[in-house]
Asks: 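Can you read through this structure? Questions will come right after.
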Amino acid sequence: MRDYDAATAFLGEWGRFQRLVFFLLSASIIPNGFNGLSIVFLAGTPEHRCVVPRGANLSDEWRNASIPLELRDGQEAPSRCRRYRLAALANFSALGLRPGSDVELEALEQEPCLDGWEYSRDVYRSTIVTEWNLVCANDWKGPLSTSLFFVGVLLGSFISGQLSDKFGRKNVLFATLAMQTGFSFIQVFSTSWEMFSVLFVLVGMGQISNYVAAFVLGTEILGKSVRLLFCTLGVCIFYAFGYMLLPLFAFFIRDWRMLLLALTLPGLLFIPLWWVIPESPRWLISQGRFQEAEDIIRKAAKTNGITAPDVILDPSELQDVNSQKQQTYTILDLMKTRNILTITIMSVLLWMIISVGYFGLSLDTPNLHGDVYLNCFLSAVIEVPAYIISWLLLRHFPRRYSMAAALFLGGCVLLFIQLVPSHVRALTILLVMLGKFGITSAFSMVYVYTAELYPTVVRNMGVGASSMASRLGSILSPYFVYLGAYDRFLPYILMGSLTVLSGILTLFLPESYGMPLPDTIDQMLRVKGLEYRPPSSSTRDSKEEEENPEIFKSTAF
């Protein structure tokens with residue numbers, strides 16, 4: 001619908017209907033905040049060492065010396081994965097020899113933890129790591145669990161984008177909410193790491209998918225001035241609120257099964273919203289379902305206490321759109337023209353790199369010095385000012401320059417961390433949080449930016465495809481974190497370099513600030529900022545655009 005915003009202007013921008021949609025859709029994002037990064041605590045790895053069985057026939061002195069020491073973080077600490085061979089220690093103990101004085105410990109033969117591990121309970125009472133011994137030779141399973149979750153998110157982003165454009169934003173929103181809640185509940189009763197990981201893939205398929213569906217649904221229902229507020233201070237800050245709840249839940253519930261159950265049950269609170277949240281009128285119009293769209297608009301007018309005009313949707317425009325309603329759009333339409341193909345490729349790269357930085361820093365909080373719960377909470381809290389700044393930037397400044405500035409800040413700060421002396425730990429944490437601030441601001445803005453570039457007919461597909469690409473980054477992010485085992489600065493160098501690169505890439509995107517939200521692919525072709533030669537049949541339209549630029553400018557942002 002070319003003049004949808006003008007046709008629904010009588011509703012106002014901030015009536016009761018808009019407030020209801022704004023806060024309910026934002027609230028539906030809260031579970032995403034504490035479920036999306038719950039693996040930080042579900043798969044937490046506490047300090048551990050080999051078990052020395054009670055029947056090993058060792059004296060107390062030999063039992064205390066049975067674990068070799070190793071250099072870790074510049075200090076000697078008991079080995080996590082090796083012990084001295086117990087058979088030899090039992091012989092020395094029986095002979096009355098003493099460790100250190102009679103026997104040189106460094107010369108003794110070592111063996112793996114044949115009898116399992118004992119874990120410190122100072123931080124966690126139980127995690128999937130302690131339950132299924134995902135340490136030492138099996139320590140690859142921890143990051144793999146995180147990556148498998150994001151594999152599910154990748155699949156969900158791809159599938160839900162197409163399903164949402166075909167079956168509606170509302171249907172996919174609630175289907176993915178149900179999927180996330182249902183499989184998380186089953187996951188509580190996992191009997192093996194394999195079962196947990198398979199279910200984690202299915203949870204991931206529903207996790208960010210409902211985020212994208214809620215984001216697009218709100219973008220299309222709300223007016224221009226409220227749309228930007230919803231995309232930043234609405235959706236993103238409510239996500240941050242959910243993220244802040246995660247360390248609070250985890251601090252008081254230190255058993256992973258009970259923690260997962262506590263994080264799952266709030267999903268049931270959103271069942272009644274099915275009867276409150278409407279479908280997107282823009283989507284209904286793009287499907288030719290004009291009467292349903294008008295019914296929703298009239299209901300919104302009634303909710304706002306406004307008398308709707310007799311004719312809301314102009315019959316001539318309805319007929320014009322109706323003649324095109326049989327056209328179906330697929331993922332291939334994101335590559336149909338040089339303009340949309342260029343935007344798609346650049347969006348895919350941008351989202352992927354930003355995702356590596358965001359999730360890499362979020363998953364890295366247990367490895368920072370200090371309390372893991374406090375570090376996670378700080379990582380969540382820093383997102384609130386990041387979203388506020390991104391809202392202000394989007395409101396008053398061009399999109400690409402705002403995003404580039406945030407990315408340059410985040411990337412340069414991460415690169416600077418390697419210059420900080422190891423004993424100045426507080427400064428390191430401060431710089432990590434500042435880097436998280438910049439990357440989070442960019443992550444918030446990229447949703448708005450991408451949604452403004454794609455037209456209604458493929459908007460959810462475009463945002464979904466970009467989100468799918470970002471999952472490739474999130475799948476890799478756990479391994480960026482674990483590179484810190486080889487060099488503690490290496491993760492920051494890699495993430496910082498990629499973030500600066502994405503800032504440069506952003507400068508080549510077309511500018512959408514002040515442009516109307518496109519409804520069709522033809523309208524998207526008129527987005528300024530890309531070199532594009534329109535077909536001869538549309539040359540006249542291009543001339544009209546140049547002669548009447550005010551038609552193509554947004555006045556509500």
Side-chain angles (χ1 to χ4, degrees), residues 1-30 169-170 173 211-242 270 272-285 292-309 312-313 384-397 399 402 444-445 447-449 451-452 456 459 463 512-519 550 553-557:
M1 193 72 181
R2 293 189 185 90
D3 296 321
Y4 175 82
D5 289 327
T8 58
F10 69 91
L11 290 175
E13 291 285 334
W14 194 237
R16 187 172 181 269
F17 171 78
Q18 287 90 344
R19 292 196 297 271
L20 198 64
V21 170
F22 183 100
F23 288 109
L24 291 182
L25 285 178
S26 297
S28 72
I29 302 299
I30 293 178
R169 284 58 163 129
K170 177 181 176 180
L173 170 64
Y211 184 102
V212 174
F215 172 84
V216 175
L217 181 57
T219 299
E220 295 183 346
I221 290 179
L222 298 170
K224 292 179 182 178
S225 62
V226 182
R227 187 183 302 138
L228 183 59
L229 189 68
F230 171 76
C231 296
T232 51
L233 299 189
V235 168
C236 296
I237 283 190
F238 275 74
Y239 176 88
F241 287 160
F270 296 97
L273 298 188
W274 172 265
W275 291 275
V276 182
I277 296 176
E279 182 55 271
S280 165
R282 282 182 182 269
W283 177 81
L284 291 171
I285 291 170
E292 294 178 56
E294 185 161 323
D295 289 344
I296 291 174
I297 295 171
R298 291 190 180 279
K299 185 176 180 181
K302 184 179 180 181
T303 303
N304 286 351
I306 297 171
T307 303
I312 298 178
L313 307 175
V384 175
Y387 294 138
I388 294 174
I389 290 296
S390 66
W391 172 66
L392 294 173
L393 290 174
L394 289 172
R395 186 180 175 93
H396 300 290
F397 297 96
R399 308 295 192 239
S402 299
S444 170
M445 289 186 278
Y447 273 90
V448 179
Y449 200 2
E452 289 179 346
T456 301
R459 181 172 297 117
V463 176
S512 64
Y513 179 67
M515 300 291 289
L517 195 66
D519 283 319
E550 68 277 4
K553 291 182 179 178
S554 169
T555 58
F557 277 118

Asks: For the side chain of Arg19 and the backbone of Trp14, is there at least one donor-acceptor N/O pair under 3.5 Å apart?
Replies: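 Yes, Arg19 side chain to Trp14 backbone: donor-acceptor pair under 3.5 Å.
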
Asks: Contact between Pro278 and Lys299 at the side-chain level, heavy atoms closer than 4.5 Å - yes or no?
Replies: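 Pro278 vs Lys299: side chains apart.
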
Asks: Verify side chain to side chain contact (heavy atoms under 4.5 Å, CB included) between Gln18 and Asn304, making sure each step is shown before the conclusion.
Replies: CA-CA 9 Å; Gln18 287 90 344; Asn304 286 351; 3.0 Å; yes

Asks: Out of curiosity, Leu393 CG to Ser444 OG, how far, rounded to the nearest 0.5 Å?
Replies: 10.0 Å

Asks: I'd like to check the ring-ring contact (aromatic ring centres under 6.0 Å, His included) partners of Phe270; sequence neighbours left out, ordered by chain and number.
Replies: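 For Phe270 there are no ring-ring contact (aromatic ring centres under 6.0 Å, His included) partners, ignoring immediate neighbours.
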
Asks: Quick one, Leu273 with Leu25, criterion side chain to side chain contact (heavy atoms under 4.5 Å, CB included). Give me CA distance, side-chain angles, the key distance, then yes/no.
Replies: CA-CA 9 Å; Leu273 298 188; Leu25 285 178; over 6 Å; no

Asks: Between Lys170 and Trp274, is there a donor-acceptor pair closer than 3.5 Å when you use the side chain of the first and the backbone of the second?
Replies: yes

Asks: Do any N or O atoms from the side chain of Ser390 and from the backbone of Tyr387 form a donor-acceptor pair under 3.5 angstrom?
Replies: yes

Asks: Are Glu279 and Glu292 close enough that some pair of their side-chain heavy atoms sits under 4.5 Å apart?
Replies: no

Asks: Go through the structure and list residues passing side chain to side chain contact (heavy atoms under 4.5 Å, CB included) with Leu229, not counting sequence neighbours.
Replies: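 Listed in chain order: Phe22, Leu233, Trp391.
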
Asks: Starting at CG of Leu394, measure out to OH of Tyr449 and round the result to the nearest 0.5 Å.
Replies: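 Going from the CG atom of Leu394 to the OH atom of Tyr449 covers 10.5 Å.
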
Asks: Quick one: which of Leu20, Val21, Leu24, Ile221 gives a side-chain contact (heavy atoms from CB on, under 4.5 Å) with Ile277?
Replies: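 Checked Leu20, Val21, Leu24, Ile221 against Ile277; only one passes side-chain contact (heavy atoms from CB on, under 4.5 Å): Leu24.
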
Asks: For Phe397, is the CZ atom crowded, meaning more than 12 foreign heavy atoms sit under 6.0 Å from it?
Replies: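 No, the 6.0 Å shell around CZ holds no more than 12 heavy atoms from other groups.
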
Asks: Any idea which heavy atoms bring Ser280 and Glu220 closest together, and the distance?
Replies: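 Heavy atoms of Ser280 and Glu220 come nearest at OG-OE1, 2.6 Å.
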
Asks: Please report the closest heavy-atom contact between Ser28 and Ala214, naming both atoms and the distance.
Replies: OG-CB, 4.0 Å

Asks: Quick one: ring-ring contact (aromatic ring centres under 6.0 Å, His included) partners of Phe17, sequence neighbours excluded?
Replies: none

